[in-house]
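A quick write-up on the structure given underneath.
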Amino acid sequence: MKRSGFLCVTVLCLEFFCLISSQPQSKLQQCRPMVGPSALPVLQRDGNVMLGGLFSLHDMVMQPDFFFTSKPARSRCTGFNFRTFRWMQTMMFAIEEINRDDHLLPNFTLGYKIYDSCSTPYHALRASVELMGGEGEGEVEGGSCHGLVPVVIGDGGSTLSLVVARFLGVFRLPQVSYFSSCACLSNKAEFPAFLRTMPSDFFQVDALVQLVQHFSWKWVGVVAGDDAYGRGGAQIFSEKVQRLGACMALHEIIPKNHAEGAMASIVARIRSSGAGVVLVFALEQDAGALFDEALRQGLTGVQWLASEAWSTASVLSTPPRFLPILQGSMGFAIRRAVHIPGLQEFLLRLHPSSPDASEDPFLRPFWEEVFKCSLQGDGGGDSQGGKPLCSGSEDLGSVRNIYSDVSQLRISYNVYKAVYAIAHALHAMRSCETGRGPFPLHACPNTDSIQPWQLLHYLKKVEFSNSFGDETKFDVNGDPVAVYDLVNWQLGAEGQVKFVTVGRFDETTSLGRKKLYIQKTDIIWNGNQTTVPLSVCSSSCLPGTRRAIRPHFPVCCFDCVVCTAGEISNKTDAIECVRCLPEFWSNEECTACIPKQVDFLSYGDTMGMALLSVALLGSFCTATVVLIFACHHATPIVRANNSELSFLLLFSLTLCFLCSLTFIGRPSEWSCMLRHTAFGITFVLCISCVLGKTIVVLMAFRATLPGSNVMKWFGPLQQRAFISLCTLVQVVICAVWLAVSPPSPRRLMTRESACVILLCDEGSALGFCLVLGYIGLLASLCLLLAFLGRKLPDNFNEAKLITFSMLIFCAVWVAFVPAYVSSPGKYSTATEVFAILGSSFGLLTCLFLPKCYIILLKPEKNNRKHLMAKSESDKTF
């Protein structure tokens, strides 16, 4: 049915356009009234210039059925809007105020012609046509349409203004809207005659996006009305928010018919999305339908963000049923006027008994809606509503509603500025000096017959400051300066909603300064909370973790994965963990790189203390043996084993035990060189002594053969020379090693380890191998000779002990090589110390323990006869 109505109006408009276009150029302004539906209700007052006005005084229209067999009944507007009625009265107030001003437009009066667009494009277009076409047949004076207006103030909704602007733009007739904020209306190619005192949604969306960014909301939902205002604003918001790294939890459209199933689906989608913050970019009627459904389903815990269209709407703030879910809501509203003197008195002057009441077609529905009574008129009482007759004693001053409330003059202030902008444009036209005009040949406009296109020229250049100090001007797109108040819905002492200003957005802020200012401490959030609500798909990843994107989810939905050891993240929501430099390692929280702990075989750790204890024990045992041998140096068993070599061997064993201490402690240049050279030289000295004893034992038994004088070649002097020569070879090897490539401290830093391993690098691998190889050569030779002398007669055959000691020595050092190569870090050092101590204890135990046993526990066997007796075991060995 509605579509049929639109088609009818479209046909009427086409006829109107064709009629005008068919006239000669000289008679362009001549026109004929159209024959069509009966005229709409109009509130009119004459003046030198008539200002057109379009206000949606009703929220909806009841359309009649169209049968196309008879003339359809008139559509009926329902749902009277007190807020819009106040806007209309503000226009009338501003016009009267200007007419009383002797300076702005002296000897010149403004009139008005105001229509109700009933919140529908159909009625808005019909009203525009009537504003352009005149009132009735034969009312053509001087070739001009009587009642033609040069400018229109309105309409309120963006959808309505789109229809009106396209129509009026054909005639270059200026339109100044007070509430249409759709960014699409800034397109001058499509809407060349459109201006507004309401900032574009582009700036409102910019403010909303900065609000989302300010509170770090990353998971935001948006619900838009199914019109140009809602769809356009929501689309710009979605694009800008996503460019900042946030994600859209949902993007839903409220149908204009408010279908129950569709509304239920939207609320269910909000609930399932988990979004804690939802922007409702819609007109107050659409927003109300959404909140009704949210109440029905018990949706709570959502922080609602309001677009300017309903951020201060009384239809939502007044009903108590909305308070549980809307308390704490926040949104941007255009800048509020502090106070317009005389406006409230003007608003309260209305009364059905006033002289001009009969000329106001909108007074009766307003009065009946306010006082819920019926005025007697052409139709008598209101039989349909069953309302009682009005008594005549009703007084607007005794009623508190949105109409008489002048504490939040925002859109009303826009209307006020629109009227004054037109007045200043007319003033500029009337002040034009002949020969200095802006038109061809420097002509000035004819102020007795205002042409719309001429007035449009002056309107675009308007720039003035009103009595409140606010500047009004239009940019190249016909948009005003964007300044918004951030309002917060808070409950007052009487349980009513108060719109508390908690911040401001000023688009004119100079570069380098923040456009958005917020007083956080003044904000009360949804649920009467004082802490900022959280709205994220996933909680922020704390330092020490990184984001891991969930497959098939937006980038704002992620899991937090702890950084692996050696990697850190020192900021919230890190995309990836950063690996520490080789000399650093992550702390326990993986939030910072700290210097790696230096790890070496120290005296403080358990292993170092154990090895130290064993080394000192070995030194103590060796010293004890020395003491025992010194006290019994004259006994046969001491003398029979070459006491000089025994003491030298015990001294070298003591050095072997003590040289292991150089492997414990923090490596340094000197300690690294000392540990390897001391180890090599002391062990060669020790093995040389054992080798010398072995040779002496073999030669001693061979010397007992008749005619043998071999012992003269192995006397004490020769023994000392032999040991010195063997040791000197090792000294030369060590000297060359230290001269060519000495051992030095080295820091072993692996990325997989939390420690810097401090160890001694051998420097020259060849030098290290020669040192060990030479020790091994002497030990192998000693083992071979001792093995050959195992069957020599004597009850105490020292060759056997040497054989066992060398077997233990060689076994320890053969096992040392693979253990040393495979041991990591300080454990390789510990392996080397263990080999030194193990082989030293092997020599000490095998060579001297049996002797000490006889000296201390079997002194009766410590005689020459027993030592020279052949052991029974020798026969079978």
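Note: hydrogens, waters and symmetry copies are ignored here, and every other heavy atom, side chains too, is used.
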Within the distance-only criterion (no hydrogens, no angle test), does the side chain of [X] pair as donor or acceptor with the backbone N or O of [Y] below 3.5 angstrom?
{"X": "S602", "Y": "G665", "result": "no"}
{"X": "K596", "Y": "I757", "result": "no"}
{"X": "Y820", "Y": "T831", "result": "no"}
{"X": "S569", "Y": "T545", "result": "yes"}
{"X": "T845", "Y": "G842", "result": "no"}
{"X": "Q213", "Y": "V209", "result": "no"}
{"X": "S671", "Y": "P667", "result": "no"}
{"X": "S535", "Y": "W219", "result": "yes"}
{"X": "W217", "Y": "A275", "result": "no"}

Is the gap between the SG atoms of [X] and [Y] under 2.5 Å?
{"X": "C672", "Y": "C760", "result": "yes"}
{"X": "C541", "Y": "C560", "result": "yes"}
{"X": "C656", "Y": "C686", "result": "no"}
{"X": "C563", "Y": "C590", "result": "no"}
{"X": "C537", "Y": "C247", "result": "no"}

Considering all heavy atoms, the nearest [X]-[Y] contact:
{"X": "C810", "Y": "L783", "answer": "SG-CD2, 4.4 Å"}
{"X": "T677", "Y": "C734", "answer": "CG2-CB, 3.9 Å"}
{"X": "S273", "Y": "L250", "answer": "OG-CD2, 3.7 Å"}
{"X": "S840", "Y": "I836", "answer": "OG-O, 2.7 Å"}
{"X": "V812", "Y": "S839", "answer": "CG1-N, 4.1 Å"}
{"X": "V684", "Y": "Q730", "answer": "CG2-NE2, 3.1 Å"}

Tell me whether [X] at atom [atom1] has more than 12 heavy atoms from other residues, nucleotides or ligands lying less than 6.0 Å away.
{"X": "E589", "atom1": "CD", "answer": "yes"}
{"X": "E576", "atom1": "CD", "answer": "no"}
{"X": "F834", "atom1": "CZ", "answer": "no"}
{"X": "F651", "atom1": "CZ", "answer": "no"}

Q.
Evaluate S805 against I808 for side chain to side chain contact (heavy atoms under 4.5 Å, CB included), listing each step before the verdict.
A. CA-CA 5 Å; S805 65; I808 295 174; 5.9 Å; no
Atom pair [atom1]/[atom2] of [X] and [Y] - distance to nearest 0.5 Å:
{"X": "I518", "Y": "Q210", "atom1": "CD1", "atom2": "CD", "value": "9.0 Å"}
{"X": "L674", "Y": "E669", "atom1": "CG", "atom2": "CD", "value": "13.0 Å"}
{"X": "C593", "Y": "E567", "atom1": "SG", "atom2": "CD", "value": "9.5 Å"}
{"X": "R547", "Y": "C557", "atom1": "CZ", "atom2": "SG", "value": "10.0 Å"}
{"X": "I681", "Y": "T727", "atom1": "CD1", "atom2": "OG1", "value": "8.5 Å"}
{"X": "L649", "Y": "L691", "atom1": "CG", "atom2": "CG", "value": "11.5 Å"}

Please list, one pair per line, the donor and acceptor atoms closer than 3.5 Å that link side chains of residues 614-626 to other protein atoms, with sequence neighbours excluded.
from	atom 1	to	atom 2	distance (Å)
S619	OG	A615	O	3.0
T622	OG1	G618	O	2.8
T624	OG1	F620	O	2.8

Just wondering, do [Y] and [X] contact through their side chains at under 4.5 Å, heavy atoms?
{"X": "E644", "Y": "R720", "result": "yes"}
{"X": "F629", "Y": "I855", "result": "yes"}
{"X": "S540", "Y": "T572", "result": "yes"}
{"X": "I687", "Y": "M806", "result": "yes"}
{"X": "C556", "Y": "V536", "result": "no"}
{"X": "L611", "Y": "L661", "result": "no"}
{"X": "I568", "Y": "F584", "result": "no"}
{"X": "S828", "Y": "E832", "result": "no"}

(Q) Ring centres under 6.0 Å, that's the criterion: do F558 and F553 meet it? (A) no
When the ring planes of [X] and [Y] are compared, do they come out parallel, tilted or perpendicular, using 30° and 60° as the limits?
{"X": "W737", "Y": "F768", "value": "tilted"}
{"X": "F809", "Y": "F683", "value": "tilted"}
{"X": "F679", "Y": "F663", "value": "perpendicular"}

Q: Carefully, step by step, assess F848 and I628 under the rule side chain to side chain contact (heavy atoms under 4.5 Å, CB included).
A: CA-CA 10 Å; F848 295 100; I628 293 173; over 6 Å; no
**Q.** Pair S538-R550, side chain to side chain contact (heavy atoms under 4.5 Å, CB included): steps then yes or no
**A.** CA-CA 10 Å; S538 301; R550 296 177 186 171; 3.5 Å; yes
Q) Between Y827 and M607, is a side chain to side chain contact (heavy atoms under 4.5 Å, CB included) present by the stated rule, with each step listed? A) CA-CA 9 Å; Y827 296 102; M607 185 180 297; 3.2 Å; yes
